[in-house]
Every structure is written in structure tokens, then in C-alpha cells.
Student: 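Pasting a structure below so you can have a look.
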Amino acid sequence: MTDHNAGGSKSPDKPDYKKTLNLPKTSFPMKANLVQNEPASIKRWNKVDVYSKIRELCTTENRPKWTFHDGPPYANGSIHLGHLMNKCLKDFVVRSRTLMGYDCPFVPGWDCHGLPIEHKVMTGLVESGKSAKLETLPDDARRTAIRRECKKYAEKFQKLQAGQMERLLTQADYKNPYLTMAPAYEGATLEVLARLVEQGVVFRALKPVHWSIDNETALAEAELEYQDREDLSVFVDFEARDAASVYTAFGLTDDQPTQTPSFIIWTTTPWTLPANLAIAVHPRFEYALVRMDGNITVLATELVETVAKLGNAEEVEVLATTRGEALVGLGYKHPFIEAAPKPTDNPDADTSACYKVLPADYVTLEDGTGLVHTAPGHGADDYQTGLREGLPVYCPVLKDGKYDETVPEAIRGMSIWEANDIIAGWLRDSGHLFHSNRFMHSYPHDWRSKTPVIFRCTEQWFVGVDMPVASTGTALREMALDAIERNTSEGGLRFVPDWGRNRLRGMLDSRPDWCISRQRAWGLPIPAFILPDDSSMMTTASVLAVARYFRENGSDAWFQNEPAELLTHYDPKNDPDAPEAVRTGAVALTDLRKGQDILDVWFESGSSWNAVIRERFGDDAVPVELYLEGSDQHRGWFQLSLLPGLGVLGEPPFKTLLTHGFMVGKDGKKLSKSAGHTIESLFEHHGADVLRWWVCSLSYENDVKVDEEFFKIAGEGYRKVRNTLRFMLSNLNDFEPSCGDKKGHCVEESDFSPTCLDAWVLAEFDALADRVLAAYESFQFKKAHAELYNFCNDTLSSVYLAAVKDRLYCDRADSFRRRRTQTALWKLTNGLCRLLSPILCHTADEAYRSLHKVDPKDTETCIHLQTAIRSFRAAADPAWQAVLTKRDEVMLELEKSKSALGIENVLDAGISIGDDEGVFAKFDLVDLADLFGVSRVELQTGNRIEIQDLRHEPRCERSWKRDGTVKERARGGCLSDRDAEAVDAG
RNA sequence: GGGCCUGUAGCUCAGCUGGCUAGAGCGCACCCCUGAUAAGGGUGAGGUCACAGGUUCGAGUCCUGUCAGGCCCA
């Protein structure tokens with residue numbers, strides 16, 4: 001028997017057929033080497049300034065605008081995994097919209113002001129010993145010096161992060177980013193403030209803050225250090241105003257005891273007792289009326305035993321119990337103050353709600369008595385409760401920690417710390433002290449002076465959310481809720497995912513007025529001026545004047561110049577809102593003092609729609625199409641952009657809010673800060689394209705699990721796609737496309753008959769482009785990712801490319817059939833690179849340039865200047881669907897034939913297909929054979945699939961097929977007709 | 001403690017308004033190819049849909065509760 005299976009024959013007269021094949025060849029490497037090649041791409045893109053070039057293209061082609069706006073990350077530290085996802089998602093939006101033919105500019109921004117930077121800088125100054133010198137400077141000079149350091153710090157990290165974001169291959173206007181500390185930005189922020197002032201929603205009120213007596217300054221949470229401290233802890237009896245109503249509340253209607261019961265509270269800050277205005281109970285807890293050694297008191301049932309033991313009570317008898325809500329409204333007498341005091345600055349305060357029991361859900365049963373001493377001027381909870389219940393904000397403590405004139409005479413002017421013991425003494429002497437002891441607890445201290453901090457009321461600036469906005473008569477909260485509730489079609493907001501709506505609504509429902517002032521150095525000064533009588537002046541015109549001044553000089557000017565200078569652009573005579581004394585000139589501008597507060601940084605970032613979008617793209621660019629941030633920004637940037645936007649524009653500054661979740665560990669738990677992954681190591685180990693491929697695959701709306709393993713998996717997927725591109729490129733090595741005048745190898749569109757394989761695959765591409773672009777359009781990047789991946793794997797690698805391999809390798813190089821397939825390959829690669837370009841922006845460009853056989857020195861050819869190809873307009877026969885279904889069946893039959901017939905190599909098989917319905921007759925049987933991977937196909941009656949064992953037939957030494965035409969050729973070799981023709985073997 | 005969200009094969013996820021034997025990719029197992037080769041192809045095994053109740057002719061899908069996790073508040 002002849003050795004039909006001889007591969008490369010050693011016989012001298014037989015040619016080495018491998019050399020006669022058109023085997024794939026390409027310079028597009030299998031190994032991506034992203035670590036080196038991505039930075040090279042960035043360099044190339046920057047050289048031609050791709051970002052600006054796209055803008056030019058958009059202008060000349062008049063592409064429709066689609067405005068997207070970057071929420072500013074904080075300019076502190078390196079970017080981390082959270083930024084990685086955030087920035088990639090944003091870039092997918094920018095690049096996919098550009099691909100779709102929109103003009104989608106993107107200005108990256110940074111939040112530069114604020115406490116974290118100031119705190120870091122101050123810590124550095126303390127450590128280097130420079131802060132001592134600063135303390136000796138006048139306030140303005142000291143703040144200027146601090147601000148100089150902060151600015152340097154912010155600049156340093158902004159640059160670092162921008163570099164890392166560029167390394168992530170994101171496309172943005174990195175040459176002109178927005179920085180909240182830039183003078184123009186500062187001016188634009190103040191312009192928003194001015195409009196809110198104009199709308200009448202900016203006001204000044206008292207609010208308790210952490211206060212350092214030592215430094216006479218307000219402190220933020222981050223500036224507190226918790227240290228153990230021993231305090232005097234007291235249990236105080238507050239006598240009921242009306243005994244009978246208390247007994248009634250406990251259900252004791254007749255036979256009431258004759259004694260007056262008391263409410264027992266516990267506190268570790270006896271110095272706040274003069275400011276007590278109420279007692280809080282939890283409405284759902286159970287409270288007991290207890291006789292302890294003869295006295296009758298009220299306290300939480302659960303704490304009776306503990307409290308009795310503390311006070312060494314011998315006889316304890318619970319007389320009755322009731323729920324906290326029954327106690328609400330009962331009055332009591334303050335142990336040492338007759339009538340509720342009125343704050344010095346508000347002598348007309350309504351005190352009718354004072355000295356009563358109130359409900360509050362923050363009451364716990366962990367310490368104390370279940371009844372909470374409430375002083376609205378000295379506690380955050382107390383303050384909120386006070387606002388709700390109509391209590392005055394009473395704070396009798398001055399900035400130096402001493403009492404003012406409104407407290408009982410004996411302690412006026414006294415330090416609160418000294419007063420502790422005196423007050424306890426009064427209570428003991430008057431029989432109101434149930435128990436007292438020294439108590440060790442963790443207490444907040446000023447991080448710098450290490451002295452204990454107190455809660456004290458100070459005047460702050462607010463944006464009122466329930467005050468009517470002048471232009472609409474509706475309050476901001478109501479406007480915001482309305483925008484959330486309204487349908488998208490009626491100008492309402494769109495949420496992706498939809499539950500963002502509920503979340504934002506919940507937060508708006510419960511939010512208090514927005515406190516926009518801070519007592520720090522590193523921020524945008526609130527341009528308020530103080531009159532000699534200590535009242536404040538901040539009018540629309542005065543704010544606009546300072547805004548203009550800041551645009552010209554930057555906000556450092558606030559600390560360097562005098563009020564009259566800062567108000568250069570202000571004419572009080574023409575400001576109807578100015579205080580009368582200022583308007584008439586009775587108080588000159590030179591008599592004013594500067595306010596000391598700076599703006600909440602959220603006000604700055606919340607004004608970015610004005611400071612960035614309107615400023616650069618005009619009024620029509622707002623509302624912006626999309627804001628995209630983590631779900632924490634429902635409370636942050638989303639809400640705090642929405643409120644000023646509504647106040648100034650009367651409508652939200654954005655149309656759609658897209659949120660993503662947070663990075664969590666492999667176990668689904670919060671990512672520890674020391675988790676490792678520095679962004680540099682990720683770039684080095686995986687490359688940006690792999691990281692981007694990973695981000696694209698995520699269900700970003702929920703928590704995202706991160707682990708090294710997942711990056712590796714993404715790398716595998718990336719390689720699949722890369723190899724598919726590489727294989728197509730490698731079969732285009734000898735192919736020159738026809739473009740313009742240049743006549744290349746392209747086959748005319750009209751030559752793609754609907755039943756040819758190439759028409760089928762081009763039609764498949766059209767369908768893919770449809771789905772991918774639709775997925776991009778609706779921000780379903782994960783879906784786009786799956787579509788692209790499956791197309792590469794299934795449609796191309798497994799089906800089409802496997803099928804056309806034979807003709808690409810074995811057909812005569814310039815045969816029509818081969819050139820038509822190459823034409824299809826060229827189009828596919830061209831189209832696929834574009835669809836991939838928003839995700840794999842380096843690799844897509846690399847492949848695109850390889851497709852165009854571009855010289856490495858060429859910088860002009862760049863896929864990111866191209867738009868998507870939506871269709872190749874190839875008409876595929878509808879019967880292809882039946883063919884593909886048949887293919888699946890054939891695969892199963894072939895698998896069975898392995899064991900049944902012993903056919904292991906599918907080229908040893910032929911297929912006979914029953915075609916009673918005449919579906920397959922119109923197809924080329926060679927196409928079908930290639931598609932099924934077998935040597936030949938024939939049609940027969942019936943509808944069964946039969947596997948034929950062809951192992952007894954000769955095998956073509958060149959194509960390895962047994963197609964029935966194989967025979968010994970005149971010039972030697974056992975070849976099929978096609979192969980004989982290809983090598984001209986006669 | 002409150003608001004919003006999540007919990008489906010070993011892993012990552014699809015499963016729309018409740019309705020055929022719960023799908024995909026990865027991984028795994030077995031096989032083919034060695035002319036995409038640190039590649040390519042085929043086949044297969046994996047699930048009491050977090051748990052417990054309830055509504056319904058019928059629930060992964062609706063309701064209630066429990067547990068676990070995340071974000072934001074307190």
C-alpha cells in the first residue's frame with residue numbers, strides 16, 4: 001500500500017510542499033510586551049496630539065456634541081484600584097462616544113483644597129519644626145504660608161495622578177485640566193455662591209462644632225485624637241414639673257404616690273448642664289417608674305439594676321413601666337436654673353419647648369440611664385434634635401472656654417473645667433445628685449495641643465434646602481426630589497442602575513441644611529465682610545466683585561489684601577442688598593473686616609458644571625449628558641452638584657447619573673489599605689490594556705471583587721483576542737487593499753455572493769457592530785466585552801478562520817477565492833480594531849497600524865482618529881443559520897465517530913447530509929466541507945448525517961485533504977486538483 | 001440602629017414584566033491538530049438558584065423574616 005500519509009517526503013524528485021503554501025506571516029507579535037509598548041504608544045499619540053486632533057476633526061466635520069464631565073478626584077496620594085475602575089469606565093464612555101461619531105471632549109479635574117491636604121502639610125510642618133515659627137506670624141501671614149505649602153503639595157500629587165491616568169491610556173485634555181485651586185475656577189465657584197445668595201438661600205446660623213479651647217479654633221473630625229481621660233460622671237435627678245402627669249403616663253391613674261418623681265440622667269460633662277434644654281428618651285424602649293430608697297425616679301427598665309447598684313440603693317421597687325413614647329412631652333424643672341435661658345445673641349428666642357422630654361432614636365442602653373441630657377449648643381445629636389423640636393441653640397460658652405453672662409452668677413466667666421466640680425457640688429447640696437464618680441473614657445483631643453476638645457456652637461454659613469428659591473418659589477429639596485421623581489422624558493434624571501434614584505431620594509429626604517463654611521486655611525475664602533457692629537455682609541454684588549478679583553489675582557489675595565482692595569470691583573452705592581450703613585457710606589469699605597471662613601470643598605467641586613463646563617463649552621453644554629462616579633457620590637458630588645445647579649439654573653446640571661460599586665477583596669469583604677496592588681506594579685505585571693479589558697468585563701454596578709488571579713484571567717482573554725487579530729493580520733501579509741486610486745487586491749463588493757462564507761462572516765460582523773455599539777451607547781461595557789470576546793472566539797477563531805485556513809494556505813496566492821477571503825479579513829480586522837479601540841486602545845492601534853503596514857516612525861496613522869464601521873453591507877443568505885445549526889450537529893456526529901469508527905482526525909472523514917428540504921443545495925460543497933472541518937461533503941436524500949471513513953482514499957500531500965480528486969501527478973506528488981493547479985504540477 | 005444594594009455551577013456573571021429538561025465564559029476532565037504552536041479545534045462533567053416561611057395551578061423571578069457582605073448615614 002502506498003504511504004498516503006507521508007508528510008514532507010524525503011524523496012529527491014518530490015518537492016517540499018510546505019514551501020509552496022501561503023503560510024501566515026506577520027510582524028505583529030504574539031507576545032504583547034505591553035509594559036514597553038504602551039508607553040511608546042502614549043508618546044506617539046502625544047506627538048501628534050491625538051486629543052486636539054480629534055477636536056479638530058469634530059469641528060471640521062461638525063459632529064454632534066456629547067458632553068461628559070469628570071468628577072475631580074482628591075489630589076492626594078497615588079491612584080488606586082478605585083480610581084482604576086472609575087477612570088477606565090469614564091474612558092470607555094469618552095472613547096466609545098467618539099467612536100460613534102460624537103464630539104465628546106473630556107476635561108480631567110482635581111479637587112485641590114481641603115483638610116486632608118492641609119492636615120498632611122501641617123503634620124509635616126510640625127515634624128520639621130517649622131510650625132512653631134508659623135505660630136508667631138499674624139493670622140493672615142500664617143495662613144498664606146500654610147497655603148503656599150498646600151498648593152505645592154496639591155500640584156505634586158495632581159501631576160503624579162495625571163501621569164498615572166495617562167499611563168492607563170485614558171484620553172483627556174491633560175494639557176488643560178481643571179484644578180479647583182486655579183484662579184478662574186475659584187472665581188467661577190464664587191459666581192455660583194453669588195447666585196445662591198441672590199436666590200436668598202444662603203444664611204448664617206449657629207451650629208455646634210468640635211472646638212479647641214487652647215487654639216481657639218474649630219476642628220474637623222480628622223484633627224481629633226482620641227485619648228483616655230478621667231472625667232467626673234454624674235447621675236442627676238431632674239424633678240418632674242407635674243407629678244400627676246408622670247404617674248398617668250405610667251398608667252397609675254388613682255392611688256398616685258405623693259412624692260414628685262424625677263427623671264434621672266447621666267453625663268460626663270457636668271459643665272454642659274447649664275445649657276440643658278431637654279431630656280431625650282427612645283420612643284420604643286421600656287421605662288420604669290422606680291422607688292429607690294424612698295425616692296421615685298424614671299429610667300430605662302433594662303438599666304434599673306445597674307444604676308441602683310451604682311448608687312448603692314438598698315430598696316428598689318419597680319412601680320410601673322411604660323414605653324418611652326408615653327413620656328414624651330412631660331415637663332421637668334432644671335436643678336439649678338429657674339427659667340430656660342435665652343442666648344445672648346437671640347434675646348427673643350422662643351423657649352416654650354424647653355425642659356421637656358423628647359423622643360430621639362439615638363438613645364441607647366449601653367451607658368447611663370436611657371434618658372439623655374440634651375444641650376443643643378453642645379452636641380451634634382442634641383443640635384439636630386433641638387432644630388427638630390424647636391429648641392433654641394443655646395451655648396453659654398465663649399471661645400476661650402469660659403461661661404458668658406447668661407449662666408448662674410457663681411460660674412460666670414469661669415472656665416468650664418473648673419465649673420465641673422462646682423456644679424456637682426450644687427447638685428449634691430440641693431439633693432439632685434443621685435451618684436457621682438470619676439470615670440475613665442476615650443475623649444477627643446486637639447491633635448496639636450493635645451488638650452481636650454469641647455462641642456461648642458459657632459456661627460456658620462448654610463445653604464438652606466427648605467427655603468424657597470427666589471426665582472421659583474420652591475425650595476431646593478423639593479426641586480431636587482421633583483427632578484428625581486419626574487420621568488426621563490419630562491426632563492427628569494436618568495439613573496444607571498435605576499436604584500440610584502431611590503438612593504439619592506433617601507439622602508435628599510433626610511439631609512439637613514448644607515453647612516458650607518469651614519474654619520481652615522486651605523480653601524476658597526467665603527467672601528463675607530464684617531461690619532464694625534459684628535454683623536456680616538455678603539451680597540450678590542459683593543460676592544461677584546470678589547469673584548472677579550479672585551479670577552484676576554487668585555484667592556491668596558484674600559489673605560494678603562485689605563477689604564477695600566478686595567472690593568475693587570464693588571460699588572456699595574449701587575448695591576441695593578448692601579447693609580444700609582455700607583450703602584450710605586456711614587461705614588466705609590476700609591472699616592470692614594474680612595471673614596475668616598473658607599468654603600466646604602464640596603461647594604467647589606459641586607460648582608464644576610459652572611466652573612468647567614459652562615466656562616469652556618458655553619451655557620448650552622449644561623445640563624451635561626453624564627456624571628459617572630462611585631455610589632458614595634450620591635451623598636457627595638452628585639447631590640452637592642445638584643443643589644447649586646438647581647439653585648442657579650433652575651434645573652439639574654446633568655441628565656444621567658451612572659454609579660459604580662466599590663472594590664472588595666476576593667472574600668467580598670472590604671479591601672484592606674495594605675492590600676498591595678500599587679498602580680505601578682499593576683502596569684508592570686499586566687499592562688494597561690489587560691487592566692482595561694478586566695474593567696470592561698466587570699458588573700460595575702455592584703461590588704467588584706479584586707484579586708491578582710482575576711487580572712491573570714483577564715490576561716488570558718486579552719491574549720485570545722490578540723491572537724485572533726494576529727492570525728488575521730498574518731494572512732494579509734501578501735495582501736494590498738485597494739484604496740482610492742491605488743489598485744490593490746480587493747474583490748468587489750458585488751462578488752460576495754450571499755452564499756459564500758465571506759459574505760456570511762461580514763454579515764456577522766454587521767450584527768456584532770450593532771450589538772457592541774448599542775451596548776456602548778447604554779453603558780453596558782460588560783456586554784460589549786462579551787460580544788467582542790465571543791466574536792473572536794466563536795465566529796472567527798472557531799468557525800470562520802478555521803474554515804478559510806485551507807484556501808488561504810493552499811489556493812494559488814492570487815486566486816479569486818483567496819483574494820475574496822483576504823478582502824473579508826481586511827475588512828474584518830479594520831472593523832474589529834475600531835470596535836475594540838475604546839477598550840484595548842493600545843492593542844487596537846497596534847493592530848490597525850500593522851494592518852496598514854505603517855512604518856514604525858509614522859505617527860499620523862492612528863485608530864483613535866477613526867469612527868466605527870457599522871456595516872459592510874454584505875448580504876448573507878438567510879439559510880446560513882441552518883448551515884450553522886447543521887455544523888453543530890456534524891460536530892457531535894464526528895465526536896461519536898471517533899469511538900464508533902476510530903476516526904480521530906476529522907480530515908479523514910467525509911460527510912453526507914440529507915437535504916430533503918433543499919436548504920444546502922445552493923451552497924458550495926467545498927465551503928461546507930471547510931466549515932465542518934472535513935475533507936468533503938455530499939448531499940443525499942433524507943435528513944440524516946452520515947460520517948464517511950475516507951482513510952482508504954489517497955491524501956493530498958499538500959493540503960492533507962481526501963477530497964476525491966487526489967492522484968499521482970505528472971511531475972510527481974500525490975495531489976488534489978486544486979493543489980496540483982496551485983503548484984502547477986500538471 | 002436607619003436608608004440603598006448584593007448573595008444563581010469551583011470562579012466571574014446572564015436569567016426582561018413569575019411558565020418548556022436554570023444559560024454563558026473561565027477553570028477542570030478527555031480527545032484532536034502540530035502549516036495560528038509559550039498557539040488552534042472538538043466533546044464532557046459540574047447547580048435542593050444564601051437560609052426559613054408565605055402568595056400562586058406554578059417562584060431563581062413576587063412578599064415577610066433570618067444570615068452574610070458593601071456603600072452612605074447615625
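The shown structure was predicted, so the numbers you read here are calculated from the model rather than taken from an experiment. In what follows, chains carry the letters A, B, and so on, assigned in the order in which the sequence lines appear, proteins first and then strands, with residues in each chain numbered from 1. Scope of the values below: all heavy atoms of this structure, side chains included, with no hydrogens, waters or symmetry mates.
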Student: So which nucleotide from B:rC5, B:rG25, B:rU37 ends up closest to the side chain of A:Asn502?
Tutor: B:rC5

Student: Using a 3.5 Å distance criterion without hydrogens, assess whether the side chain of A:Asp689 forms a donor-acceptor pair with backbone atoms of A:Thr843.
Tutor: yes

Student: Under 5.5 Å between ring centres and under 30° between planes: true for A:Trp960 and the base of B:rG35?
Tutor: yes

Student: Between A:Tyr789 and B:rC26, is there a side-chain N or O to OP1/OP2 distance below 4.0 Å?
Tutor: yes

Student: With a non-hydrogen cut-off below 4.0 angstrom, is A:Glu904 in contact with a base, only sugar-phosphate, or nothing?
Tutor: sugar-phosphate

Student: If I take atom CD1 in residue A:Ile903 and atom P in nucleotide B:rG41, what distance separates them, rounded to the nearest angstrom?
Tutor: 22 Å

Student: With both distances kept under 3.5 Å, what pairs with B:rG1, Watson-Crick or G-U wobble?
Tutor: B:rC73

Student: Hey, does A:Asn905 reach any base, or is it just sugar-phosphate, or nothing, if we go heavy atoms under 4.0 Å?
Tutor: sugar-phosphate

Student: Measure up the A:His80 and A:His83 rings against each other and bin them: parallel (under 30°), tilted (30 to 60°), perpendicular (over 60°).
Tutor: tilted

Student: Among B:rG42, B:rG3, B:rC5, find the nucleotide with the atom closest to the side chain of A:Glu895.
Tutor: B:rG42

Student: Any side-chain N or O of A:Lys18 below 4.0 angstrom from OP1/OP2 of B:rG35?
Tutor: yes

Student: Can you figure out which of B:rC13, B:rC72, B:rG40 approaches the side chain of A:Lys805 most closely?
Tutor: B:rG40

Student: Can you tell me the pairing partner of B:rC67 across any strand shown, Watson-Crick or G-U wobble, with both distances under 3.5 angstrom?
Tutor: B:rG7

Student: Checking all strands, does A:Arg511 fall into the base, sugar-phosphate, or nothing category for heavy-atom contacts under 4.0 angstrom?
Tutor: nothing

Student: Quick one: which of B:rG69, B:rC71, B:rU12 gets closest to the side chain of A:Lys669?
Tutor: B:rG69

Student: By nearest atom, which of the nucleotides B:rU12, B:rG35, B:rA36 is closest to the A:Lys705 side chain?
Tutor: B:rU12

Student: With respect to the phosphate group of B:rG42, does any side-chain polar atom (N or O) of A:Ser798 fall under 4.0 Å of OP1 or OP2?
Tutor: yes

Student: To the nearest angstrom, how far is A:Met30 atom CE from B:rA36 atom C1'?
Tutor: 6 Å

Student: State whether the distance check finds a donor on one side and an acceptor on the other, under 3.5 Å, for side chain A:Arg635 versus base B:rC72.
Tutor: no

Student: Could you state the atom-to-atom distance from CZ of A:Arg951 to P of B:rC32 in whole Å?
Tutor: 13 Å

Student: With P as the reference atom in both, quote the distance from B:rA52 to B:rG70 in angstrom, rounded to an integer.
Tutor: 24 Å

Student: Which of these nucleotides, B:rC11, B:rC72, B:rU37, is closest to any side-chain atom of A:Phe710?
Tutor: B:rC11

Student: Can you tell which of B:rA14, B:rU6, B:rC71 lies closest to the side chain of A:Asn702?
Tutor: B:rU6

Student: Whether A:Lys720 contacts B:rG41 is assessed here as follows: a side-chain N or O lying under 4.0 Å from the phosphate OP1 or OP2. Is that the case?
Tutor: yes

Student: Which part of the nucleic acid does A:Leu894 contact within heavy-atom distance under 4.0 Å: base, sugar-phosphate only, or nothing?
Tutor: nothing

Student: Does B:rC33 pair with anything, Watson-Crick or G-U wobble, both distances under 3.5 Å, and if so, with which nucleotide?
Tutor: none

Student: Partner lookup for B:rC28, please. Criteria are Watson-Crick or G-U wobble with both distances under 3.5 angstrom; report none if nothing qualifies.
Tutor: B:rG44

Student: Salt bridge (charged side-chain N to carboxylate O under 4.0 Å, His left out) for A:Arg818 and A:Asp811? Distances and angles first, verdict last.
Tutor: CA-CA 6 Å; A:Arg818 181 162 182 272; A:Asp811 277 7; over 6 Å; no

Student: Would you say a side-chain N or O of A:Arg807 is under 4.0 Å from OP1 or OP2 of B:rG35?
Tutor: no

Student: Should B:rC20 form a Watson-Crick or G-U wobble pair with both distances under 3.5 Å, which nucleotide is its partner?
Tutor: none

Student: OP1, OP2 of B:rG41 versus side-chain N and O of A:Ser797: anything below 4.0 Å?
Tutor: yes

Student: Atom CD in A:Glu787, atom CG in A:Asn790: separation rounded to 0.5 Å?
Tutor: 7.0 Å

Student: Can you tell me whether the base of B:rG46 sits syn or anti, using the 90° cut around 0 to define syn?
Tutor: syn

Student: Any idea which of B:rU43, B:rC72, B:rC13 is nearest the A:Met891 side chain?
Tutor: B:rU43

Student: Give the nucleotide from the list B:rU43, B:rA36, B:rC71 with an atom nearest to the side chain of A:Asn723.
Tutor: B:rA36

Student: Once you round to the nearest 0.5 Å, how far does CZ of A:Phe735 lie from NZ of A:Lys853?
Tutor: 8.5 Å

Student: Quick one: does A:Arg477's side chain have a donor or acceptor within less than 3.5 Å of a partner on A:Asp509's backbone?
Tutor: yes

Student: Can you tell me how far NE2 of A:His634 sits from CE of A:Met507, rounded to the nearest 0.5 angstrom?
Tutor: 7.5 Å

Student: Can you tell me if A:Tyr809 touches the phosphate of B:rA36, counting only side-chain N or O atoms and a distance under 4.0 Å to OP1 or OP2?
Tutor: yes

Student: Do A:Arg958 and A:Tyr809 meet the cation-pi criteria used here (NZ or CZ under 6.0 Å from the six-membered ring centre, within 45° of the axis)?
Tutor: no

Student: Atom CG of A:Leu21 and atom P of B:rA36: how far apart are they, to the nearest Å?
Tutor: 10 Å

Student: Could you please name the option among B:rC13, B:rG70, B:rU37 that lies closest to any side-chain atom of A:Lys670?
Tutor: B:rG70

